[in-house]
Amino acid sequence: MNTHFKRKIIFALSMGVVTTGLISFTLLALNLGFSKGFVLTWLRSWSIAYLIVIPAILLIGPRLQAQIDRVIRDAEEQPSM
């Protein structure tokens, strides 16, 4: 496995932990408040979100990046007025 691919995988895993943790914590705190079972509910929600997000980042991310690269490249190739 090459270094570039390893970096992408590690980034996806790390970004998934941070984003799903923050979002699940915030939404549960806003919607449920800090009730008795908050931590267990949050950890369960976080783990489910993480299992959904990682494949999405790995599968959708490269396609989205390619589309963004095309849009930027096309915009740079347009003659300016």
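None of these values were measured; they are calculated from a predicted model. When reading the values below, keep in mind they use all heavy atoms of this one structure, side chains included, and skip hydrogens, waters and symmetry mates.
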Fill in: E77 vs D74 side-chain heavy atoms within contact, under 4.5 Å
yes
Worksheet item: Taking atom CZ of F11 as the centre, does the number of heavy atoms from other residues, nucleotides or ligands within less than 6.0 Å exceed 12?
Response: no
Worksheet entry | Interatomic distance, I10 atom CD1 to R7 atom CZ [nearest 0.5 angstrom] | 9.5 Å
Practice prompt. Any chance you could measure K8, atom NZ, to L13, atom CG, to the nearest 0.5 Å?
Written response: 13.5 Å
Discussion item. Nearest 0.5 angstrom please: T41 OG1 to N31 CG, how far?
Written reply: 12.0 Å
Fill in: pair W46-V17: side-chain heavy atoms closer than 4.5 Å
yes
Worksheet item: Testing I54, I52, V53 for side-chain contact (heavy atoms from CB on, under 4.5 Å) with Y50, which one passes?
Response: I54
Discussion item. Once side chain to side chain contact (heavy atoms under 4.5 Å, CB included) is applied, do any residues pair with D69, and if so which ones, sequence neighbours excluded?
Written reply: Q65
Worksheet item: Cluster question for you: counting only ILVMFWY and a side-chain heavy-atom cut-off of under 4.5 Å, with indirect links fine, are V39 and L28 together?
Response: yes
Worksheet item: Near F34 CZ, under 6.0 Å, is it more than 12 heavy atoms from other residues, nucleotides or ligands?
Response: yes
Fill in: Closest non-hydrogen atom pair between A12 and I57, with its separation
CB-CG2, 3.5 Å
Discussion item. Could you see if M15 belongs to whatever hydrophobic cluster contains L51? Use Ile, Leu, Val, Met, Phe, Trp, Tyr and a side-chain cutoff under 4.5 Å.
Written reply: no
